[in-house]
Amino acid sequence: MERLDDLRVEVARQREMKWLDMFCHWDKWVKHRFQKVKLRCRKGIPSSLRSKAWQLLSDSQKLLEENPGKFEELEREPGEAKWLDIIEKDLHRQFPFHEMFAARGGHGQQDLYRILKAYTVYRPDEGYCQAQAPVAAVLLMHMPAEQAFWCLVQICEKYLPGYYSAGLEAIQLDGEIFFSLLRRTCPMAYRHLKKFKIDPILYMTEWFMCIFSRTLPWASVLRVWDMFFCEGVKIIFRVGLVLLKQMLGSVEKLRELQGMYETMERLRNISPDTIREDVLVFENGRVCVLTFIMNLTLYLQSVFFLFFFCTVRFMRASNGTETMPV
């Protein structure tokens, strides 16, 4: 048992050394060996280095360096009262059992307020969206307030643009795309949801806007965020597809879900066995491959039909039955 523990410690240490080496030559790794960076993110970033890695992957560190003193300047602004009232009411709802946010008015809640208020001043046209609070809270668990603020800016503007704007047009559009992908990757789940008229917006809004921080076990949340910061929004789509496949992808699973109510309960209360970290990452890879194969198939089909169409027209032109365009 001790030898096994020693082996795990040694493996963890080696992974940390690899990440530290990447940090020292970050631009070269991203430019020339990004596939390796992606693979290491999928394996999980060492917890001791996660803060640094997320900032580098998201380019939020660059924003921080380009805007010295900007966060403090935003904090000094009074802010709009309507947003500040909503933020104040939301503070105690974010991870209430986490030691950082358990105490009302504690340091965690104060920093969370600072970040969310600063964003409403930074982007007054967008203001505040309640789904930003758990995202900012996860960031605060890993880095100081100023770094977390710029990381939040990148999530809102680079990774999920339009998700937190009034009207939620972006999330509705992505819901349609998500449902279309589900039809290809897991037709059984697609037919079940369509049968009971369960629109994607009913279950995927919290998944996508909170980046699964309120849905998955903590170890899985961190792994998803590691991949998300590296590969972008497609990770959220893949994880969503994996969840629906795991919950609705077989006849046995659907026998228990005889209506809209039962299905929505299942989607809102996902079993931890469904979303184990190793299963999630493995299935995410399978969905990635399947999506690639489907896209390649569609591309080859389009090329074939284009070739067939041109050949037919050429033959008709040769026989004098159709005039070829000049």
Side-chain angles (χ1 to χ4, degrees), residues 7-67 135 138-139 141-144 146-161 181 185 208 211-213 216 218-242 276-297 299-300:
L7 181 61
R8 287 173 179 165
V9 170
E10 183 59 30
V11 170
R13 187 180 294 116
Q14 289 177 5
R15 290 178 58 211
E16 286 182 344
M17 294 302 294
K18 290 176 181 178
W19 273 92
L20 288 170
D21 177 66
M22 286 200 303
F23 290 166
C24 293
H25 310 91
W26 185 253
D27 291 339
K28 290 183 180 179
W29 275 89
V30 170
K31 188 174 181 180
H32 301 294
R33 302 191 64 188
F34 184 70
Q35 290 300 319
K36 191 68 175 178
V37 177
K38 186 191 298 186
L39 180 62
R40 289 180 178 173
C41 287
R42 289 182 179 181
K43 288 182 177 179
I45 300 170
S47 56
S48 59
L49 304 175
R50 184 166 276 122
S51 170
K52 178 79 169 176
W54 284 1
Q55 291 177 71
L56 286 171
L57 287 164
S58 66
D59 278 336
S60 66
Q61 182 169 308
K62 187 177 179 182
L63 272 183
L64 174 65
E65 293 168 355
E66 290 174 351
N67 295 274
V135 173
V138 173
L139 294 172
M141 293 176 197
H142 293 86
M143 60 191 77
E146 186 174 15
Q147 284 90 329
F149 168 76
W150 291 112
C151 221
L152 177 66
V153 168
Q154 288 295 76
I155 289 173
C156 296
E157 299 184 359
K158 173 184 174 183
Y159 289 90
L160 305 175
L181 289 171
T185 56
F208 279 43
I211 320 176
F212 296 100
S213 61
L216 304 177
W218 191 241
S220 298
V221 170
L222 296 179
R223 185 71 72 90
V224 169
W225 280 52
D226 290 346
M227 296 187 291
F228 168 74
F229 276 119
C230 181
E231 301 179 54
V233 69
K234 62 185 177 184
I235 291 297
I236 299 182
F237 278 85
R238 289 178 194 163
V239 172
L241 293 172
V242 168
R276 290 201 325 269
E277 185 183 358
D278 54 340
V279 173
L280 202 61
V281 174
F282 175 73
E283 290 293 336
N284 174 72
R286 291 183 62 183
V287 169
C288 175
V289 172
L290 181 59
T291 305
F292 171 78
I293 292 172
M294 288 190 303
N295 290 338
L296 180 61
T297 302
Y299 171 74
L300 292 175

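Each residue takes its place number in the sequence, starting with 1. Keep in mind that what you see is a predicted model, and the values were worked out from it rather than measured.
- Checked against ring-ring contact (aromatic ring centres under 6.0 Å, His included), Tyr159 has the following partners two or more places apart in sequence or in another chain: Phe228, Phe229.
- Taking both residues in full, the closest heavy atoms of Ser51 and Met143 are given as OG-CB, 3.4 Å, listed atom of the first, atom of the second, then distance.
- Atoms CE and CH2, on Met141 and Trp218 in that order, are 4.0 Å from each other to the nearest 0.5 Å.
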Walk me through whether Gln14 and Glu10 qualify under side chain to side chain contact (heavy atoms under 4.5 Å, CB included). CA-CA 6 Å; Gln14 289 177 5; Glu10 183 59 30; 3.4 Å; yes

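- Atom CZ in Arg223 sits 10.0 Å away from atom NZ in Lys43 (nearest 0.5 Å).
- Exactly one residue among Met22, Met17, Glu16 makes a side chain to side chain contact (heavy atoms under 4.5 Å, CB included) with Trp19. That residue is Met22.
- Rounded to the nearest 0.5 angstrom, Ile45 CD1 and Arg15 CZ are separated by 9.5 Å.
- In this structure, the separation between CZ on Phe23 and CH2 on Trp29 is 12.0 Å, given to the nearest 0.5 Å.
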Going through the checks in order, is the side chain to side chain contact (heavy atoms under 4.5 Å, CB included) test met by Arg238 and Ile235? CA-CA 5 Å; Arg238 289 178 194 163; Ile235 291 297; 3.8 Å; yes

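- Taken from CD in Gln154 to CG in Leu57, the straight-line distance is 11.5 Å, to the nearest 0.5 Å.
- Atom NZ in Lys62 sits 12.0 Å away from atom CG in Leu56 (nearest 0.5 Å).
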Test log, rule side chain to side chain contact (heavy atoms under 4.5 Å, CB included), inputs Leu139 and Trp150: CA-CA 10 Å; Leu139 294 172; Trp150 291 112; over 6 Å; no

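- When the side-chain contact (heavy atoms from CB on, under 4.5 Å) test is applied to Glu157, the partners found at least two apart in sequence or on another chain are Tyr119, Tyr122, Arg123, Val153.
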